[in-house]
Every structure is written in structure tokens, then in C-alpha cells.
Amino acid sequence: MPVFTLNRIKHHVHPIELANYGLMAYAFMLPLSPKIASKLLIFVALCLLFSSELKERFLLLVKNRVIHAFCIMFTIYTLWTLGSDHLDTALFAINKLSKLIFALIILTLSVQKKFIPNIIYCFLGALFLSEVVSLMMYFHIAEKTIGLFVGKRLDNVPFMMNYTQYATVLNIAISFALYQILQKQTISMIQKILYSLFILSSSLNLFILSSGIGYILFLFSNITVLTLIYKQQIVKLIIAIALIFPLIYWIGTHYSPIFQKKSAQMFSDVKNFTQNNNLSTSQGVRLGFMFYSADILKENFLLGLGTGDHVEAVREKILENEKNPKNKAALLKNIPYSHGSSLHNQFLDLLLQFGIIGLIAFLNIFYQIYKIKPKQTFLRLLPYILIINILLTCFANPLLIYGDVERIFVLLVALLLIVPFEHTTLREQELKKIHAI
């Protein structure tokens, strides 16, 4: 009886389509609750197991160069563990990266072309909901009720790890929405209005976050979109950039105390470092990590130290050489004795652990994404948007191992890697080639 029922379900409900409805739910929950999203991903994987297309889809997927690039990165993390002095930290990083690659494979195997717009709408809808909650936190509206869901937080970030990661996701969404409005392909007036409202709410939300990297991303990410759209109209492009962004900066400095304070702090941090060698500020700590990593890099430029060994090596350098107690305390506070410790810079973490080989492997992931040419017009600039936002943020946070952004990044990459399978089996494709010959 159970077998008969299962066969009837398989006859009436296509497993791949059911998986895509699961992906819509997954995309909605990802910015709100990664734990629930992970459970939904298991549901998607189970749907795949019942699909007759799984084998053919997988055979096509294993040829994908983006998947190869992620696997190369994973191989380096694994091999460099052999020389690691901090095996527990190394295994923690490998476990995180393996889950990320598993998610990428499941998502890519599941996605159908016709579901991509709905998956993106679910993601943007959830992000808009988080923005509403963030604004309520900022204006102290329904604090007790919101506290039940997000806990006690000093920032205005409701569901993500920190404001840097939240700002990164907001900027990816803002740039994507801007492209939808400006692209030549016609979209309905309702869609333009909704995208415009989303850009307005997201930008407002961004400027009440104390994220310096978020403001930088806003500038570079949107300039990238404008440049790629109006590259043949250079005068229009220059005028747009010269008028829009100074105006936004003026509005931010006059109407957002947080933006004004953070902007002033960024300049002050750099000044304090150059004039007083102050490493106790937000920017000073990052510069300090770079300074104390320099000698280690000179000695281990090609192969690095090994997976997970970099933080302890920098910690020892600080203890041996930093004479200023204030600087020493600030630097050590930002690299606690835990598996999640990092140097707040993805590139620095990679160079110290794996040398130039690891950095090249990491950049190869983005090079392969750059080479993707989506056929769907509304996705055409998404590779560029992802590359500019993620790489710039990597100067501030180690996103691809410890962050919330890693899951969203993988979801959006999967939408670009949609397997060219849809309704045609691999055998039918081969038959077409034979008949063509």
C-alpha cells in the first residue's frame, strides 16, 4: 500500500518541480533563518533522490568549471590539513566548506529555469521583511515583540551575524533591482514600482547601519551596474555618477547620524594609524593584522602555514613585538581562541594558510563565475554584481567559511549554473548530435 501511494505521488507530482517549490521556501527563509533553510535544503535533496533525471543532471553538472573551482578550493583546505598544528580548527573549516559545496551541488541539480524568477522574488521578499524589522528596531517600535525573534542586539541587524554581512546582501539586492529597472528588456510598470520601492527601502536601511564597507559597496556596486549598462553612452554615465552619488552622500551626512559618525570614524581611524600608529580602532586592527602578517608571508609565500595555523602565528607575532598595551589588547581581542577566529580579511586568511596557491584557487572561483553568460536577460549582470560585492567584502570579513552571506552567494551562483537539461535527457541530446552528423 505505501509503495502504491508513493507511485501515485510520483506520477502526479514531478520530484524536480516539488524540489523547486522547496527552493522557493529555502530562498525565503535564507535571509531570515539559516537553520530552517538548512532543513528545507534536506527536503530538496530528498526530492532529487526520487527524480529519474538525477543521473543525467549530475553527469552534466560534473563538467561545470565553477563546481571544479569550488572543489579545488576544498582539496587545498584538505591537503593543507596534513601539515596543520591546529587540527580541530582545520577540521572545523573543512566541515564548513564541505557543507557549502554540498548546498551548491544540491541547488544546481534542482533549479529549473522557469522557477528562477520566483526563487529570486522569494529571496527579495524575505529581505524586504528583514528591512522592515530592522527599521522597527532602529525606531524602537514593538521592541519586546521583535526581541522574541531576534534577541537583544545593539545594532539594527535582525537576522544575520553582523552588519557587514547584512550590508553586503543589501547591496547585492539593490544592484540587482537597479539593473531590472534600467535594462532594455521591458518589464511591467508594477514591477518597476516594486523594484523602486525595494531600492528605496534597502538604501534607507543601509544608511542606518554602522557599516563602512556597506557604504563603499553601495558606491562601487551601483557604479558597476551603471557602467555596464551605459558603457556606450559615456557622457550620460559620467553625468549620472557625478550627480547621483554626491547627492546620496550629502543626504546621508545630513539625515543619518549613524552614516555621518561612521564616515568620520573611518577617516579618523586611518589618520590615527598614520600619525600615531594607533591599532586599537576598527580600521587600525585590520591594518595591524596586515602589518604583523607581512613577515610570516615573506617566509611562507608559496605554500602558507597550513589549514587553521594562521591566527595563532599572528597572535604570537603580536605578543612578541607589540609594545603598546592598548594596541596589543585590541588586536588580541579580535582574534580570540576559538574556531571562528580570523584576521577579518579573507585574502589575508588564505595567503597565510595556503600561500599564493590558495589565493589563486580562491580567485579562480570568481573568474569562472565571470565567464558565465546567462541567457536570461534579467540575470545578465548578476555575475558582475556578485563578484564586485563579495570580493570587496572579503577585505573586511572572511565570508566563504564563517558567514551568513556564503549561503546566499551559493544560492545566487546556483541560479547562474542551471544545468542545460530541463526537459531533454542526455541520451536524447546525443541522438540529436548523431542525426545532425
Side-chain angles (χ1 to χ4, degrees), residues 38 41 45 48 54-55 57-110 293 296-297 299-314 339-343 345-372 383 386-387 390-391 393-394 397-414 416-417 419:
S38 297
L41 192 63
L48 275 175
L54 177 59
K55 179 180 177 181
R57 283 178 172 263
F58 183 77
L59 289 175
L60 288 170
L61 181 67
V62 293
K63 299 176 183 178
N64 189 279
R65 291 188 177 182
V66 175
I67 300 294
H68 295 170
F70 272 96
C71 290
I72 290 170
M73 193 76 253
F74 178 77
T75 302
I76 288 175
Y77 265 89
T78 304
L79 290 177
W80 265 246
T81 301
L82 299 176
S84 175
D85 295 326
H86 300 83
L87 190 59
D88 54 343
T89 301
L91 293 176
F92 173 82
I94 290 172
N95 178 52
K96 286 283 187 177
L97 189 55
S98 64
K99 289 179 179 178
L100 192 66
I101 295 174
F102 173 78
L104 177 62
I105 292 172
I106 295 300
L107 292 168
T108 309
L109 286 173
S110 306
S293 299
I296 302 173
L297 287 173
E299 299 170 4
N300 303 272
F301 181 74
L302 183 61
L303 297 175
L305 296 166
T307 309
D309 287 347
H310 59 305
V311 173
E312 182 59 30
V314 173
H339 294 326
S341 285
S342 74
L343 302 177
N345 185 319
Q346 183 77 68
F347 303 112
L348 201 56
D349 284 339
L350 290 168
L351 278 170
L352 287 174
Q353 291 179 95
F354 316 115
I356 192 64
I357 293 176
L359 181 62
I360 291 172
F362 176 71
L363 293 176
N364 181 52
I365 294 174
F366 294 90
Y367 175 66
Q368 299 303 332
I369 293 172
Y370 165 78
K371 290 172 66 177
I372 299 172
L386 289 175
I387 290 168
I390 298 298
L391 284 183
T393 309
C394 282
N397 256 355
L399 296 179
L400 298 186
I401 299 298
Y402 306 110
D404 296 320
V405 176
E406 61 192 14
R407 301 176 182 88
I408 293 171
F409 172 66
V410 159
L411 170 65
L412 297 176
V413 169
L416 297 170
L417 297 184
V419 178

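What you see is a predicted model; the values in this text were computed from it and never measured. Along the sequence shown, residues carry numbers from 1. Side chains are part of it too, since the values below use all heavy atoms of this structure and drop only hydrogens, waters and symmetry mates.
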For the atom pair [atom1] ([X]) and [atom2] ([Y]), what is the distance rounded to the nearest 0.5 Å?
| X | Y | atom1 | atom2 | value |
| --- | --- | --- | --- | --- |
| Phe70 | Ile105 | CZ | CD1 | 10.5 Å |
| Ile67 | Gln368 | CD1 | CD | 11.0 Å |
| Asn364 | Met73 | CG | CE | 10.0 Å |
| Ile356 | Leu350 | CD1 | CG | 10.5 Å |
| Ser98 | Phe74 | OG | CZ | 5.5 Å |
| Thr307 | Ile94 | OG1 | CD1 | 5.5 Å |

Ignoring hydrogens and geometry, is there a side-chain-to-backbone donor-acceptor pair from [X] to [Y] under 3.5 Å?
| X | Y | value |
| --- | --- | --- |
| His310 | Leu348 | no |
| Thr81 | Thr78 | yes |
| Asn300 | Ile296 | yes |
| Trp80 | Leu303 | yes |
| Arg57 | Leu109 | yes |

Fill in: Over all atoms of both residues, closest heavy-atom pair of Leu41 and Ala103
CD2-CB, 3.6 Å

Fill in: For His68 against Lys63, the heavy-atom pair lying closest together
CE1-O, 3.6 Å

Test item: [X] and [Y] side chains (from C-beta on) under 4.5 Å apart, heavy atoms:
| X | Y | value |
| --- | --- | --- |
| Leu416 | Leu386 | yes |
| Tyr367 | Leu363 | no |
| Asp309 | Thr89 | no |
| Ser110 | Leu48 | yes |
| Leu411 | Arg407 | no |
| Ile76 | Phe362 | no |

Item to complete: Begin from the C-alpha positions of Asp349 and Gln353 and carry the test side chain to side chain donor-acceptor pair (under 3.5 Å) through to its verdict.
Response: CA-CA 6 Å; Asp349 284 339; Gln353 291 179 95; 5.4 Å; no

Discussion item. Would Asn397 and Gln346 count as a side-chain contact (heavy atoms from CB on, under 4.5 Å) here? Give the steps.
Written reply: CA-CA 6 Å; Asn397 256 355; Gln346 183 77 68; over 6 Å; no

Item to complete: List the steps and the verdict of side-chain contact (heavy atoms from CB on, under 4.5 Å) for Ile369 and Val413.
Response: CA-CA 8 Å; Ile369 293 172; Val413 169; 3.9 Å; yes

Worksheet item: After noting the C-alpha distance and the side-chain angles of Asn95 and Phe92, does the key distance pass the side-chain contact (heavy atoms from CB on, under 4.5 Å) rule?
Response: CA-CA 5 Å; Asn95 178 52; Phe92 173 82; 5.7 Å; no

Worksheet item: So, for Phe354 and Tyr77, is the gap between ring centers shorter than 6.0 Å?
Response: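 Yes - the distance between ring centres of Phe354 and Tyr77 falls below the 6.0 Å cut-off.
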
Practice prompt. Give a yes or no on whether the ring-centroid distance for Phe409 and Phe366 is below 6.0 angstrom.
Written response: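 Ring centres of Phe366 and Phe409 closer than 6.0 Å.
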
Practice prompt. Show the numbers, then the answer: is there a side-chain contact (heavy atoms from CB on, under 4.5 Å) between Ile101 and Val410?
Written response: CA-CA 8 Å; Ile101 295 174; Val410 159; over 6 Å; no

Item to complete: Please say whether more than 12 non-hydrogen atoms of neighbouring residues, nucleotides or ligands are located less than 6.0 Å from CZ in Phe58.
Response: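 Open.
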
